[in-house]
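Computed from a prediction, not measured in an experiment: that's the story for all the values here. Below, chain A is the first sequence line, B the second, and so on; all start at residue 1.
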Amino acid sequence: MAGSFTRMISGRNRAVLLASLGAGTMATGFLLSDNSLAAEVRTKLYPPSSDFPDLRKHNNCMAKALTPAIYGRLRDKLTPNNWTLDQCIQTGVDNPGHPFIKTVGCVAGDEESYEVFAELFDPIIKDRHNGYDPRTMTHPTDLDSSKITNGVFDENYVLSSRVRTGRSIRGLSLPPACSRAERREVERVVVMALAGLKGDLAGRYYGLEDMTDKEQQQLIDDHFLFDKPVSPLLTCAFMARDWPDARGIWHNNEKTFLIWVNEEDHTRVISMEKGGNMKRVFDRFCRGLKQVEQLIQERGWEFMWNERLGYILTCPSNLGTGLRAGVHVRLPNLSQDKRFSKILDNLRLQKRGTGGVDTAATGDTFDISNNDRLGKSEVELVQMLVDGVNYLIECEKKLEKGHDIKVPSPITQFRK
Amino acid sequence: MAKNCHNDYKMKFATDEEFPDLSLHNNHMAKVLTKDIYGKLRGKSTPSGFTVDDVIQTGVDNPGHPFIMTVGCVAGDEESYEAFKELLDPIISDRHGGYKPTDKHKTDLNFENLKGGDDLDPNYVLSSRVRTGRSIKGFTLPPHNSRGERRGIEKLSIEALASLEGEFKGKYYPLSGMTDAEQELLIADHFLFDKPVSPLLTCAGMARDWPDGRGIWHNDNKTFLVWVNEEDHLRVISMQLGGNMKEVFRRFCVGLQKIEEIFKKHNHGFMWNEHLGYILTCPSNLGTGLRGGVHVKLPKLSTHAKFEEILTRLRLQKRGTGGVDTASVGGVFDISNADRLGSSEVSQVQLVVDGVKLMVEMEKKLEKGESIDGMIPAQK
């Protein structure tokens with residue numbers, strides 16, 4: 001083990017070392033010529049200030065929140081799984097900014113990251129989630145889809161409907177941190193549980209390793225499969241390690257209920273179908289989720305959840321519901337209107353290209369989905385999406401007829 | 001870069017569970033690593049906290065390379081080569097022509113020992129270049145070092161290089177301060193290292209915190225360059241247009257030795273031992289770490305059936321003119337020595353000089369429509 005490779009430092013050397021703490025690099029360098037330093041002494045020679053990242057050109061939530069003082073207090077802490085702050089923030093250091101969206105710039109390596117590094121994560125969560133304060137607020141969970149009204153869209157405009165979320169298996173490290181053994185355990189737990197789904201949810205698992213290139217491309221084209229990880233946001237957060245080991249996709253026979261295993265989260269759960277029946281999509285979503293939860297509980301596992309942060313996922317942006325409900329919708333007239341962005345903002349919606357995050361729109365078809373994740377329940381967010389999309393379609397119809405449209409008042413948040 | 005506590009946590013899982021799936025892999029690490037070796041090494045850690053999982057991650061993530069058999073592992077510090085010798089010795093042997101754990105490596109940076117090399121035909125040889133790497137004792141290597149260490153290496157390098165004079169007088173350009181325009185020009189002139197996009201480097205953790213602590217120093221003539229904190233602590237390069245490899249090598253040797261003297265004075269010798277020569281991040285660069293080569297026009301020879309065979313016998317390798325991972329453009333190839341460990345700097349550059357001279361003569365013969373069969377060399 002490590003001990004056999006660490007030679008003892010003589011008393012004289014140690015005295016000289018300790019006397020020089022805080023000296024400039026040349027003196028520090030002189031002492032490092034003895035390469036048998038123990039790790040602890042080496043750590044002392046590199047105080048947090050020497051390691052503080054250069055964030056002057058950065059524009060992400062982590063760069064805004066991280067100060068030398070916070071870094072100084074957190075750098076040498078470890079979660080129970082021995083994960084560090086440097087590992088949480090590496091992705092934000094390596095990716096100064098994103099052209100379209102303000103990225104978060106840090107990830108959790110395990111459930112405890114959110115506690116041990118709360119001094120950094122809490123302000124980031126507050127910034128990202130419109131003032132939600134994890135110290136004082138609680139997050140509502142509501143998966144009763146019967147409450148949704150007006151959830152069937154005009155299919156002349158809405159081409160497809162989709163709801164996704166993520167779930168993490170409590171007791172196993174998250175994708176940035178997990179070892180190969182843990183990742184395989186996540187796969188085993190999830191696949192075993194999914195084998196218990198029946199009826200319209202019955203399906204099959206396809207491990208990425210066994211899939212042919214052809215199958216894989218088909219699944220990507222159908223918007224079913226996750227990309228090979230090329231985004232530096234993911235790769236710099238160590239989430240692509242050992243690819244494609246223990247990654248895969250499970251889907252039901254009808255391809256309307258899908259689960260991604262070991263991509264950016266332990267699981268991503270997706271309900272989708274062509275057309276505008278968001279109500280049915282959300283029904284299936286809630287039903288499927290509840291059944292999966294039951295199936296893993298029968299085997300002694302549970303999802304990571306607490307009432308401060310809701311469902312715990314890798315990226316702080318997905319805390320709470322982790323829910324993104326959206327449609328592919330044609331808005332040829334509205335998208336040309338200069339009030340389009342403002343309307344989306346006020347409805348608390350965001351637009352993406354039809355290839356998902358990091359893509360631009362092709363033609364007039366947009367991916368429109370909810371902005372928020374934390375502080376509102378699943379039912380609330382889906383209802384907001386439903387109401388918002390219906391409003392956008394109304395605007396589109398008006399503009400078609402040459403009538404004018406109104407920018408709706410902004411939906412109130414909990415931030416006062 | 002404290003002790004890797006995360007490794008202690010992983011130890012609670014069985015070896016079988018942690019062993020990587022290498023069934024589709026084709027690199028040196030995948031050929032050598034067995035469950036047995038992995039089981040013996042996974043509990044170890046160098047003093048700075050580097051573990052066998054860290055060593056092999058790049059090889060696990062990169063199953064194979066289209067043009068070359070990659071090594072598939074890296075060192076995180078000088079001690080890695082000792083702590084993980086059970087894995088690294090066979091890889092070194094595979095990569096370096098059967099080099100044994102008991103072999104000794106010869107270092108010879110006396111440029112006067114090179115014969116010829118000043119008369120490569122500039123109608124064919126467009127440019128000549130010699131590079132090597134050096135690691136600074138007392139710091140961990142690029143896959144592993146912290147921001148503090150990397151900045152320490154940069155600061156030390158700047159101070160050392162600033163004291164060079166005469167033909168070696170120059171200036172340091174930190175990557176953080178460079179404009180995009182300056183950077184593009186330096187890349188186009190073959191002076192600057194690429195932004196790290198190769199997964200071979202990124203999966204080994206070498207691109208972390210980019211561009212913090214990285215930069216390029218070069219002399220005023222732009223014929224002697226030092227890269228700081230890319231794949232190694234230092235990459236030292238001597239280059240110029242045309243075919244005067246003798247001059248390039250002279251400048252290389254003189255400059256290197258001056259730099260080494262200065263680092264030694266600051267009590268930071270280079271990592272070196274008599275078995276592995278100069279210690280660098282990638283096991284493929286052990287020994288001399290030297291790649292001496294030319295950009296040479298060989299449009300006819302390169303399409304000849306025996307081209308690969310000739311290169312192998314001359315102990316040379318070909319690359320595209322963009323460096324590793326690129327293809328040739330317009331019949332122009334980057335031809336360089338294939339060996340690094342087990343022979344000296346002088347002998348490796350000698351192979352390049354002699355081999356390129358021969359290949360240019362072959363090219364000229366082929367231009368005239370004559371056969372080169374009588375010129376095919378014996379295995380060197």
Review point. Side chain, backbone, both or neither: which part of A:I89 has a non-hydrogen atom closer than 4.5 Å to chain B?
Key: side chain
Check your understanding: Minimum heavy-atom separation for B:G148 to A:D51, with atom names?
Key -> N-OD1, 2.5 Å
Practice item. Let me know if B:Q57 has heavy atoms under 4.5 Å from chain A in its side chain, its backbone, both or neither. Key: side chain
**Study point:** Toward chain A, the part of B:N62 with a non-hydrogen atom under 4.5 Å
**Key:** neither
Review point. Are the side chain of B:K10 and the backbone of A:C178 linked by a donor-acceptor contact shorter than 3.5 Å?
Key: no
Point to revise | Heavy-atom donor-acceptor pair, B:D61 side chain to A:D242 backbone, under 3.5 Å | key: yes
Practice item. To the nearest 0.5 Å, tell me how far B:N145 CG sits from A:Y46 OH. Key: 9.0 Å
Check your understanding: Between A:D86 and B:R208, is any pair of side-chain heavy atoms under 4.5 Å apart?
Key -> no
Study note, to complete from the structure: So, the part of B:A14 with a heavy atom under 4.5 Å from chain A: the answer is neither
Point to revise | A:S50 backbone acceptor or donor facing B:R147 side chain under 3.5 Å | key: no
Exercise for review: Might you work through the side-chain contact (heavy atoms from CB on, under 4.5 Å) test for B:D53 and A:R241, ending with a clear yes or no?
Suggested key: CA-CA 11 Å; B:D53 275 336; A:R241 287 171 303 126; over 6 Å; no
Exercise for review: Would you mind reporting whether B:Y9 and A:S173 have side-chain heavy atoms less than 4.5 Å apart?
Suggested key: yes
Check your understanding: Contact part of A:A240 toward chain B, heavy-atom cut-off under 4.5 Å: side chain, backbone, both or neither?
Key -> backbone
Review point. Which bit of A:E185 is near chain B, if near means a heavy-atom gap under 4.5 Å: side chain, backbone, both or neither?
Key: neither
Exercise for review: Measure the spacing between CZ of A:R183 and CD of B:E18 and express it to the nearest 0.5 Å.
Suggested key: 9.0 Å
Practice item. Output all residues satisfying side-chain hydrogen bond (donor to acceptor under 3.5 Å, both in side chains) with A:N60, sequence neighbours left out; order by chain, then residue number. Key: none
Review point. What part of A:F238 lies closer than 4.5 angstrom to a heavy atom of chain B: side chain, backbone, both or neither?
Key: neither
Check your understanding: With only heavy atoms counted, which part of B:I56 is less than 4.5 Å from chain A, the side chain, the backbone, both or neither?
Key -> side chain
**Study point:** Salt-bridge present (B:D21, A:R180; N to O < 4.0 Å)
**Key:** no
Practice item. Could you tell me whether B:E17 and A:R188 have a side-chain N and a carboxylate O separated by less than 4.0 Å? Key: yes
Exercise for review: State the CZ-OG distance between B:R42 and A:S179, to the nearest 0.5 angstrom.
Suggested key: 8.5 Å
Exercise for review: For each of B:T202, B:D16, B:V60, tally heavy-atom pairs with chain A at distances under 4.5 Å, and name the one with the top tally.
Suggested key: B:V60
Review point. Should we count NZ of B:K85 as having more than 12 external heavy atoms under 6.0 Å?
Key: yes
Check your understanding: Where does A:D245 contact chain B at under 4.5 Å (heavy atoms): side chain, backbone, both or neither?
Key -> side chain
